[in-house]
Amino acid sequence: EGFLIMRIEVEAEEAVALLLPLFVKNDGACGRQVKEAVTDAFSRLLLLSMEGEARLETKKRADAEAIAVFARNLREILMASPLGHKNVLALDPGFRTGCKLVCLDANGKLLHDDVIYPHNGDGAAASAADKVRKLAAEYKTEVIAIGNGTAGRETEEFARGLKLEGVTVIMVNESGASVYSASAVAREEFPDKDVTVRGSVSIGRRLMDPLAELVKIDPKSIGVGQYQHDVEQADLKKSLDNTVMSCVNSVGVELNTASRELLSYVSGLGPSLAKNIVDYRNANGAFPSRAALKKVPRLGPKAFEQAAGFLRLRGGKNPLDSSAVHPERYEIVEKMAADLGCTVADLISDAALRAKIDISKYAAEGVGEPTLRDIVAELAKPGRDPRKQFEAFTFGEAQKIGDLKPGQKLPGIVTNVAAFGAFVDIGVHQDGLVHISELADTFVRDAAAVVKVGQRVSVTVTDIDLARNRIALSMKSNPVVGPRESRGGGPAAAGPAQPRRPDNRPQRREETKPAGSMAEALKAFMDKRRT
């Protein structure tokens with residue numbers, strides 16, 4: 001665009017003087033010819049090569065940082081607190097086209113779909129209220145999940161106004177739901193439903209278990225990165241895939257209910273074996289044990305060894321099947337229980353029995369004391385979900401950007417963290433930016449050290465730009481309210497305006513004279529060096 005340029009500048013005479021002794025050995029005709037070649041090669045080839053190499057190296061560093069930010073944010077999204085097994089009524093909000101409604105059972109199975117029009121007049125609103133009350137009673141709804149897109153806050157107000165006893169209303173970030181609804185995965189899962197129904201199902205399911213639902217979406221579509229379209233796409237995909245796999249394996253996967261997409265991220269499996277597992281499960285019913293996994297076609301001993309520890313089977317014959325203890329270590333746990341004269345189930349349920357275990361007795365080649373300590377710790381909380389306990393969140397009263405006022409304090413949820421700050425959803429259909437200088441009362445070098453995606457924060461509105469639809473927020477205890485320029489943090493404090501060309505584009509650096517104390521100091525240093 002001509003606004004920024006990076007150049008490598010050196011003193012040509014000095015550079016050539018350093019190069020000449022390497023190539024010129026005499027002052028004869030040959031030496032003079034080589035000197036001309038060196039001078040030409042430096043200005044025409046070597047300098048340009050150095051610039052290209054420097055640009056490539058800095059681009060690689062920038063890509064690595066941007067990819068790391070994306071992966072870190074993605075991890076926080078995937079590891080968000082799950083609601084768990086609840087009967088959910090999910091709404092994909094809309095004004096003119098209505099709100100798409102689906103009823104899901106505690107396992108996320110679609111039971112009913114419909115459309116209501118709560119924002120199309122009093123008559124339509126009353127009819128919508130009656131329908132929701134009827135469906136909530138019929139399907140024993142425990143939670144109403146509402147997407148945070150267009151008409152989200154208005155639909156939330158409508159749902160809360162119903163005052164359904166024992167029903168909680170929760171707003172859900174619907175980023176990527178439209179991508180899922182038009183995907184091959186959604187078409188295969190709901191071949192006879194349109195995209196609006198699939199999107200509503202995705203909203204409800206991601207509240208129940210964000211990890212299990214979001215793995216069906218391309219991670220790049222979740223929208224928690226910075227400059228994601230400018231970085232090396234192969235490196236980005238590899239990093240995000242590794243992040244998803246790490247999250248899936250740390251949480252564990254329920255073998256008898258997991259989707260093919262979720263199973264494909266388990267170590268040792270992949271898309272092909274995941275499909276074989278689901279096909280075998282559909283044909284033969286639920287797996288009675290982890291060991292039964294060996295009957296799946298093409299799932300060999302090596303794949304079983306890698307995957308078994310990350311798979312969970314609740315209610316199986318062996319109580320260890322619901323834990324992270326690998327089947328190869330079952331024999332050790334059984335020996336511990338036998339030595340104490342109890343069953344494995346007793347060992348899991350009784351802390352006093354576990355306290356009597358002398359792990360040094362069971363150490364052997366390939367199984368050291370650290371592994372044994374991990375096994376005993378897992379027995380205390382078998383299959384424990386490492387994700388935090390779910391807590392419902394409610395936005396403030398403001399429903400649109402026009403409702404905001406400078407100085408207003410509001411609750412919010414961090415939706416994205418970048419190098420320059422964090423974006424926060426405050427429930428007005430437009431995320432606000434907390435600049436890195438406004439994240440804390442003290443100096444912040446790295447925004448990720450202060451906030452994480454999904455974190456609940458309290459923010460103060462410092463400025464609203466209605467024309468550009470921008471909201472400036474602060475997390476400081478006593479923020480200064482007003483535009484950043486007037487507070488010394490923006491262009492007004494940046495010194496004289498840069499000269500511009502007749503076409504209003506800024507002049508390149510070589511077209512202008514240095515301005516400012518830093519530029520003058522640098523110029524003086526270079527002049528001194530030359531003399």
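Reckoned from all heavy atoms, side chains included, excluding hydrogens, waters and symmetry mates.
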J.: Mark yes or no for whether Arg206, through its side chain, and Ser175, through its backbone, hold a donor-acceptor pair below 3.5 Å.
T.: yes
J.: Side chain of Thr243, backbone of Arg75: donor and acceptor closer than 3.5 Å?
T.: no
J.: With no hydrogens and no angle check, is any side-chain donor or acceptor of Glu391 less than 3.5 Å from a backbone partner on Gln389?
T.: no
J.: Return yes if some donor-acceptor pair links the side-chain N/O of Asn148 with the main-chain N/O of His429 below 3.5 Å, else return no.
T.: no
J.: Could you tell me whether the side chain of Ser81 and the main chain of Lys388 form a donor-acceptor pair under 3.5 Å?
T.: yes
J.: What is the distance from atom NZ of Lys476 to atom OG1 of Thr462, rounded to the nearest 0.5 Å?
T.: 10.0 Å
J.: Output, in order, the C-alpha distance, side-chain angles, deciding distance and verdict of side-chain hydrogen bond (donor to acceptor under 3.5 Å, both in side chains) for Ser474 and His435.
T.: CA-CA 7 Å; Ser474 175; His435 189 265; over 6 Å; no
J.: Taking C-beta and beyond as the side chain, do Arg387 and Leu211 meet within less than 4.5 Å on heavy atoms?
T.: yes
J.: Tell me the closest heavy-atom pair linking Ala90 and Ser200, and the distance in Å.
T.: CB-O, 3.4 Å
J.: Donor-acceptor pairs under 3.5 angstrom involving side-chain atoms of residues 402-415: please list them, not counting sequence neighbours.
T.:
| residue | atom | partner | partner atom | Å |
| --- | --- | --- | --- | --- |
| Asp403 | OD1 | Lys400 | NZ | 3.3 |
| Asp403 | OD2 | Gln399 | N | 3.0 |
| Asp403 | OD2 | Lys400 | N | 3.2 |
| Gln408 | OE1 | Lys405 | N | 3.0 |
| Lys409 | NZ | Thr460 | OG1 | 3.1 |
| Thr415 | OG1 | Phe423 | O | 3.3 |
| Thr415 | OG1 | Asp431 | OD2 | 2.7 |

J.: Are any side-chain N or O atoms of Arg290 and backbone N or O atoms of Arg312, one a donor and one an acceptor, separated by less than 3.5 Å?
T.: no
J.: Quick check: does any side chain N or O of Glu142 sit under 3.5 Å from a backbone N or O of Asn87, one acting as donor and the other as acceptor?
T.: yes
J.: Supply the atom-to-atom distance Asp209 CG to Asn107 CG, rounded to the nearest 0.5 angstrom.
T.: 11.0 Å
J.: Which pair of heavy atoms, one from Ala66 and one from Val231, lies closest together, and at what distance?
T.: CB-CG1, 3.8 Å
J.: For the pair Tyr280 and Phe287, name the ring-plane relationship: parallel under 30°, tilted 30 to 60°, perpendicular over 60°.
T.: parallel
J.: Give, for atom CD1 of Ile471 and atom CG of Asp425, the distance between the pair rounded to the nearest 0.5 Å.
T.: 9.5 Å
J.: Should Asp279 and Val296 count as side-chain neighbours, where that means a heavy-atom distance under 4.5 Å?
T.: no
J.: Less than 4.0 Å between a side-chain N and a carboxylate O, is that true for Asp321 and Lys317?
T.: no
J.: Testing the basics here: between Ala212 and Leu262, what is the closest heavy-atom pair and its distance to 0.1 Å?
T.: CB-CD2, 4.0 Å
J.: Identify, with sequence neighbours excluded, every residue that meets ring pair (Phe, Tyr, Trp, His ring centres under 6.0 Å) alongside Phe395.
T.: Phe393
J.: Give a yes or no answer on whether the side chain of Asp441 reaches the backbone of Ser477 with a donor-acceptor pair at less than 3.5 Å.
T.: yes
J.: Are the charged groups of Lys131 and Asp114 less than 4.0 angstrom apart, N to O?
T.: yes
J.: Identify the heavy atoms of Ser250 and Pro386 that sit nearest to each other, and give their distance.
T.: O-CG, 3.5 Å
J.: Quick check: are there more than 12 heavy atoms from other residues, nucleotides or ligands sitting under 6.0 Å from CG of Asp122?
T.: no
J.: Is there a side chain to side chain contact (heavy atoms under 4.5 Å, CB included) between Phe70 and Leu240? Walk through the geometry before answering.
T.: CA-CA 8 Å; Phe70 201 144; Leu240 298 186; 3.7 Å; yes
J.: Quick one: does any side-chain atom of His112 pair with a main-chain N or O of Val102 as donor and acceptor, under 3.5 Å?
T.: no
J.: Hey, does Phe443 have a side-chain heavy atom less than 4.5 Å from the side chain of Arg445?
T.: yes
J.: Taking side chain as C-beta onward, heavy atoms only, is Leu164 less than 4.5 Å from Arg133?
T.: yes
J.: Only pairs at least two apart or in different chains count here, so list each salt bridge (Lys or Arg N to Asp or Glu O under 4.0 Å) that has a residue in residues 182-205.
T.: Asp113-Lys193, Glu188-Arg260, Glu189-Arg205, Glu189-Lys216
J.: Would you say NZ of Lys60 has more than 12 non-hydrogen atoms from neighbouring residues, nucleotides or ligands within 6.0 angstrom?
T.: no
J.: What's the verdict on side chain to side chain contact (heavy atoms under 4.5 Å, CB included) for Asp63 and Asp235, showing C-alpha distance, side-chain angles and the deciding distance?
T.: CA-CA 9 Å; Asp63 280 7; Asp235 292 342; 5.9 Å; no
J.: Measuring from Tyr139:OH to Leu89:CG, what's the distance to the nearest 0.5 Å?
T.: 10.0 Å
J.: Step by step, would you call Lys134 with Asp130 a salt bridge (Lys or Arg N to Asp or Glu O under 4.0 Å)?
T.: CA-CA 6 Å; Lys134 179 182 177 182; Asp130 290 340; over 6 Å; no
J.: Show the numbers, then the answer: is there a side chain to side chain contact (heavy atoms under 4.5 Å, CB included) between Val253 and Leu263?
T.: CA-CA 7 Å; Val253 173; Leu263 286 167; 3.8 Å; yes
J.: Test side chain to side chain contact (heavy atoms under 4.5 Å, CB included) on Phe95 and Glu154; report intermediate values, then the result.
T.: CA-CA 9 Å; Phe95 285 119; Glu154 292 80 1; 3.8 Å; yes
J.: Supply the atom-to-atom distance Phe420 CZ to Ser437 OG, rounded to the nearest 0.5 angstrom.
T.: 12.5 Å
J.: List the atom of Ser181, the atom of Gly199, and the distance in Å for their closest heavy-atom pair.
T.: CB-N, 3.6 Å
J.: Are the side chains of Val453 and Met79 in contact, using a 4.5 Å heavy-atom criterion?
T.: no
J.: Mind checking whether Ile144 and Thr168 have side chains closer than 4.5 Å, heavy atoms only?
T.: no
J.: Does atom CD (Gln233) have a neighbourhood of more than 12 heavy atoms from anything else shown, all under 6.0 Å?
T.: yes
J.: Do other residues, nucleotides or ligands put more than 12 heavy atoms under 6.0 Å from the CZ atom of Arg470?
T.: no
J.: In terms of side-chain heavy atoms, does Asn416 have a donor or acceptor partner in Asn73 at a distance below 3.5 Å?
T.: yes
J.: Side-chain contact, heavy-atom cut-off 4.5 Å: Val244 with Val248?
T.: yes
J.: When you look at CG of Asn478, are more than 12 heavy atoms from neighbouring residues, nucleotides or ligands closer to it than 6.0 Å?
T.: no
J.: Just verifying a value: how many Å separate Leu269 CG and Phe310 CZ, rounded to the nearest 0.5 Å?
T.: 10.0 Å
J.: Charged N to carboxylate O under 4.0 angstrom, Glu156 versus Arg153?
T.: yes
J.: Applying salt bridge (Lys or Arg N to Asp or Glu O under 4.0 Å) to Asp465 and Arg468, what does each step give before you reach the verdict?
T.: CA-CA 6 Å; Asp465 187 339; Arg468 295 191 294 174; 2.9 Å; yes
J.: Leu74 and Pro219: which non-hydrogen atoms are nearest, and at how many Å?
T.: CD2-CB, 3.8 Å
J.: Could you check whether any side-chain heavy atom of Thr141 comes within less than 4.5 Å of a side-chain heavy atom of Val88, counting everything from C-beta outward?
T.: no
J.: Between Ser267 and Asn249, do the side chains contain a donor N or O and an acceptor N or O under 3.5 Å apart?
T.: yes
J.: Quick check against the 3.5 Å criterion: does Ser323 have a side-chain atom that pairs as donor or acceptor with the backbone of Leu320?
T.: yes
